[in-house]
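The sequence lines fix the lettering, A, B, ..., with proteins before strands; numbering per chain opens at 1. Computed from heavy atoms alone, side chains included, the values below leave out hydrogens, waters and symmetry copies.
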Amino acid sequence: MTGWRREKCRSGYCTLWKCWLIPSLAPGRRGIVMDGNKLEQLFAKFKEQAEAISARVYRVHDSSAAGRQLKNIIKELNIKKIAAAKSELVSDCLKAIKSQDVVVHTSDLRQHSEDAELGLSEMDMAIAETGTLAQDSTALDQRLVSTLPPVHVALVRIDRQVDKFVDAVDYFNEQDLLPGYIAFISGPSRTADIERVLTIGVHGPEQLYIIFVDQAGGETCE
Amino acid sequence: MSDKQQIKRNIEKALANENLRGALGRFGNDYVGARERAYTGKDFQELRDRIAAVKGDAAARMEELARRFTESAQARGAKVFRAGTAQDAKDYIKNLAQEKGATKIVKSKSMATEEIHLNEYLGRQGLDSVETDLGEWILQLCGQKPSHMVMPAIHMTRDEVADIFSKETTQELSADIPKLVGVARKQLRKKFLAADIGISGANIAVAETGTLVIVTNEGNARLTTTLPPVHVAVVGLEKLVDVFTGVKSIIEALPRSATGQKITSYITMITGPTPAAYPDGTVQEKELHIILLDNGRTEMQADPVFKEALQCIRCASCLNVCPVFQLLGGHVYGHIYTGGIGTILTAFFNGFQEAGELQNLCLGCERCKRFCPGKIDIPKLIRELRSRVVEKGGLPGGQKFVLEKVLPNRKLFHRLIKAGQLGQKPFQKGARIRHLPMFLAGLTEGRSLPVIADKAFRDQARNLSVPEGSSKESTPDSKEKVGFFAGCLTDFVYPQLGQAAYKVLKHLNREMVFPAGQTCCGVPAVLMGVRESAVQLAQQNIEAFEQAGVDAVVTCCPSCAQALKERYMELLETDPAWHERAKALAGKVQHVTAYVADKSGDGSSLRLKQTGGRVTYHDSCHMKGCLGITEEPRQLLAAAGLELAEMEGSDLCCGFGGSYSVKFPSISRQILDKKLHSMEAANAATVALDCPGCKLQISGGLDSRGKELPVKHTVEILAENL
Ligand code: SF4
């Protein structure tokens with residue numbers, strides 16, 4: 001049951017538990033859906049749920065299309081500075097961004113996330129039932145880019161969907177060692193503490209963009 | 001000032017606070033719908049069974065899990081400290097801050113740290129400890145206390161918040177909520193970035209893995225646990241669960257029950273230290289300190305009755321649906337944990353003395369019980385608290401005499417009630433005592449005396465005959481012998497309910513008998529905490545019905561029905577022989593309306609006259625909440641050709657509970673006002689209900705306001721339409 005987990009790693013971003021999380025997301029693992037129909041159903045459900053809690057959901061064909069989508073967001077919001085937590089998908093996506101448009105930081109993120117206008121990262125899983133993203137956020141950078149900047153753009157591979165929150169718990173439970181910091185994110189940060197009026201963006205991001213990528217490249221899960 | 005006076009003063013203050021009532025009232029109304037929507041597709045009963053199992057098991061093995069948690073968390077690199085008392089926990093944090101040379105602390109919302117008054121303490125040590133949850137920060141800035149477990153500043157208006165923030169930022173701010181939230185973001189962001197230590201609580205702690213689970217919406221917990229290089233989590237022992245998968249049911253229920261959300265914006269699961277940025281620019285593992293707080297929890301766990309309270313997941317739904325809380329908010333309770341469950345927790349964390357007065361605030365409507373995802377029988381715990389307080393402190397003389405001496409002596413008790421009838425003025429208005437024995441206990445003011453009937457039902461019952469105009473039908477199961485349990489109100493105030501029941505049952509070809517040995521059901525004694533008397537009454541009633549040899553027992557009063565069905569077994573738990581007899585009786589008891597609906601095919605075989613007209617139905621707390629009867633009366637009313645005009649909040653309490661209206665008249669009046677208001681808005685010709693206590697309260701209320709709206713028990717309406 002174990003053994004194989006350490007065999008391959010392609011994430012590269014996870015400094016502490018490297019190699020554990022991503023391979024176990026490989027095809028056929030429990031909780032990760034492979035069937036095409038089911039995948040479409042889950043996506044439709046996810047989109048509906050996530051949009052109901054003020055996230056914006058897109059779906060693109062590959063990483064360069066994700067880059068173009070990101071560019072649109074940058075333009076629309078007039079973003080000048082990005083803090084990005086490294087992953088292969090994130091790097092591929094960033095290739096579409098020209099340096100004259102915007103400054104992109106991928107290191108010293110503690111400092112750069114403070115005033116970056118947009119944080120970019122790849123999430124590990126999408127939960128349809130509640131429109132929730134899940135991530136092994138053990139690496140500090142992953143947390144910085146999704147907490148400090150006012151806009152968070154999250155990339156997710158389309159085949160990383162599960163139906164229910166409890167499936168995600170089962171998934172993490174099956175790992176030999178739980179990641180040090182698991183983050184579940186559902187929509188932007190919100191509060192209703194003043195007169196119960198729902199207000200978006202109190203401490204975390206005010207806007208959450210979620211881009212699903214069909215063909216992420218690399219060791220995909222076809 | 002005594003606790004009692006303090007509470008009374010707090011009540012008056014709360015009732016005078018329009019903001020508070022507006023906000024809580026609106027929330028209370030929206031909450032139920034939002035919660036229900038969030039639970040769509042989920043089986044709440046099944047879910048709460050799972051939670052009760054997970055939490056109940058964890059509570060039973062608290063020490064074992066605490067040890068296991070310590071080992072697992074340490075194996076992952078965390079430091080775990082077991083704090084026996086509040087002071088231990090505070091000292092640990094103070095010493096840690098000193099050792100680290102830390103002065104700046106950010107905190108994310110945590111009940112446990114509020115319970116131990118951590119902020120005040122750290123402040124006195126010269127440490128700057130900032131609450132970062134928006135509501136908590138507002139309160140910290142103006143020196144107030146939370147009024148709700150989940151929405152701490154629900155009692156404040158945007159104008160007040162604008163004033164507070166203006167002072168803090170020394171600029172003139174307008175009362176624009178998004179702008180105010182923006183100001184908080186900016187101010188608190190600076191604090192986060194500069195903090196040396198982050199302090200959080202946890203919603204769940206997993207023994208198997210040493211994991212802390214934190215559920216929030218604002219994202220402040222994520223910043224608190226990410227930015228400072230030291231993280232301290234203060235976790236009550238009741239947060240422990242055995243295995244990681246145990247978090248499932250709790251997380252499924254918590255946001256849904258707390259705020260009507262399917263999920264909160266953030267759920268964070270932390271296992272061991274993770275990398276953090278240190279002031280020198282390096283990234284290293286942070287320090288994670290977990291304080292497991294006892295502070296009364298082991299004592300609670302050792303208590304055979306109160307250990308159930310450890311199943312609480314702090315969702316606050318019991319507050320949100322509580323009619324008293326909706327009026328008063330949490331400040332009245334004077335402690336961090338508020339409402340019914342808060343009263344119990346206060347007893348253990350702060351002392352029984354303080355909780356003793358607070359438990360009086362409970363109306364006994366039992367609404368909370370239906371909503372609790374931890375499946376805690378909160379009303380039962382309150383009753384237990386009450387009887388322990390009475391055991392210790394006793395009752396005032398008059399009440400003591402009546403409850404301990406008069407009530408268990410059936411003949412004396414009934415003679416005295418009849419004597420009361422002679423003494424009452426003719427045409428008495430505004431009858432207001434739900435549990436009749438209370439009026440003998442000297443708890444009433446003159447105007448509140450109930451109108452006692454000229455002839456009690458027990459005297460009328462001696463010569464019950466076949467009422468005129470009823471036809472005799474022969475059904476296969478004819479001549480089932482049905483015992484009628486009157487209860488004090490039907491017996492002495494509304495004997496016509498007994499007559500109506502008789503007529504309807506006769507029509508269904510049932511033989512109705514009235515065992516004369518029956519007496520008060522015992523609810524008042526239970527509610528007043530006089531268990532001994534309640535036990536005697538239970539035994540008298542069980543005997544009376546055994547001797548009558550009946551096949552079924554019906555009553556017009558849902559509170560009596562619940563007493564006979566559930567309470568007697570609880571009261572006689574320790575006596576196996578009596579417990580068996582109580583169980584045999586319980587199996588036969590039904591509310592008369594449910595019985596009739598059942599035996600008449602929802603009224604169809606009664607062939608009722610179709611009178612037409614609009615009727616609005618009030619769901620009595622004990623009818624809907626305890627007996628779970630809602631559809632049957634509506635079906636029967638429809639069978640009588642009546643058009644049902646639902647009122648808003650048909651299941652909200654009418655504001656009466658035993659001696660409540662006398663102890664807290666202002667609360668009772670306001671709850672009644674709300675009820676009458678929605679009743680009138682339904683624009684019906686009749687109010688139907690199924691509880692003589694509610695009938696007394698509501699008709700009394702309408703009457704004293706000069707309203708002529710008839711209030712009838714379902715069985716009365718049926719009898720009229722035969
Ligand atoms: S007692 Fe039940 S309803 Fe009340 S806060 Fe606890 S879990 Fe929620």
Inset, instruction - In plain terms, say whether A/Glu51 and A/Lys47 are close enough for a salt bridge, that is, a side-chain N and a carboxylate O under 4.0 Å apart. - result: yes
Legend entry - Part of B/Ile270 within contact of chain A (heavy atom distance under 4.5 Å): both
Inset, instruction - Report the relative orientation of the aromatic rings in A/Tyr209 and A/Tyr58; use parallel for angles under 30°, tilted for 30 to 60°, perpendicular for over 60°. - result: parallel
Legend entry - Criterion ring pair (Phe, Tyr, Trp, His ring centres under 6.0 Å) on A/Phe172 and B/Phe244, from CA distance to verdict: CA-CA 9 Å; A/Phe172 284 113; B/Phe244 184 65; 7.6 Å; no
Legend entry - Residue, of B/Met151, B/Glu218, B/Arg158, B/Met156, that accumulates the most heavy atom pairs under 4.5 Å with chain A: B/Glu218
Inset, instruction - Answer with yes or no whether the side chains of A/His152 and A/Ser121 bring together a donor and an acceptor at under 3.5 Å. - result: yes
Inset, instruction - Verify whether one side chain among B/Arg256 and B/Gln261 offers a donor that lies under 3.5 Å from an acceptor in the other. - result: no
Legend entry - Pairs of heavy atoms under 4.5 Å with chain A: top-ranked of B/Thr132, B/Val150, B/Thr259: B/Thr132
Legend entry - chain A contacts, top residue of B/Arg189, B/His155, B/Lys286, B/Lys262 (heavy-atom pairs, under 4.5 Å): B/Arg189
Legend entry - Distance-only donor-acceptor check, side chains B/Thr157 and B/Asp159, under 3.5 Å: no
Inset, instruction - Supply the atom-to-atom distance A/Thr132 OG1 to A/Phe46 CZ, rounded to the nearest 0.5 angstrom. - result: 7.0 Å
Legend entry - Test item: side-chain donor near acceptor, A/Arg190 and B/Ser265, under 3.5 Å: yes
Legend entry - Under 4.5 Å from any heavy atom of chain B - which part of A/Thr199: side chain
Inset, instruction - Go through the side-chain N and O atoms of A/Asp136 and A/Thr138 and say whether any donor and acceptor fall under 3.5 Å apart. - result: yes
Legend entry - Segment of B/Arg222 engaging chain A (4.5 angstrom heavy-atom cut-off): both
Inset, instruction - Quick one: list whatever passes side-chain contact (heavy atoms from CB on, under 4.5 Å) with B/Asp43, sequence neighbours left out. - result: B/Gln45, B/Glu46
Legend entry - Salt bridge present between B/Asp133 and B/Lys107 (N-O < 4.0 angstrom): no
Legend entry - Under 4.5 Å from any heavy atom of chain B - which part of A/Thr130: both
Legend entry - Portion of B/Ala277 that has a non-hydrogen atom of chain A nearer than 4.5 angstrom: both
Inset, instruction - Quick one: which of A/His203, A/Glu206, A/Glu129 has the most heavy-atom pairs under 4.5 Å with chain B, could you say? - result: A/His203
Inset, instruction - Between chain A and each of B/Leu288, B/Val243, B/Ile251, count heavy-atom pairs under 4.5 Å; write down the option with the most. - result: B/Ile251
Inset, instruction - Please work out whether the ring planes of A/His105 and A/His112 are parallel, tilted or perpendicular, with thresholds of 30° and 60°. - result: parallel
Inset, instruction - May I ask you to name which of A/Leu109, A/Leu144, A/Leu148, A/Leu208 has the most heavy-atom pairs under 4.5 Å with chain B? - result: A/Leu148
Legend entry - Distance-only polar pair, side chains of B/Thr225 and A/Tyr181, donor-acceptor under 3.5 Å: yes
Inset, instruction - Name the member of B/Val247, B/Leu227, B/Val283 that forms the most heavy-atom pairs with chain A at distances under 4.5 Å. - result: B/Leu227
Legend entry - Inter-chain contacts: residues 203-216 of chain B against chain A, heavy atoms under 4.5 Å: B/Glu208, B/Thr209, B/Thr211
Legend entry - Part of A/Pro205 lying under 4.5 Å from any heavy atom of chain B: both
Legend entry - Largest heavy-atom contact set with chain A, pairs under 4.5 Å, which of B/Thr245, B/Thr268, B/Ile267, B/Ile154: B/Ile267
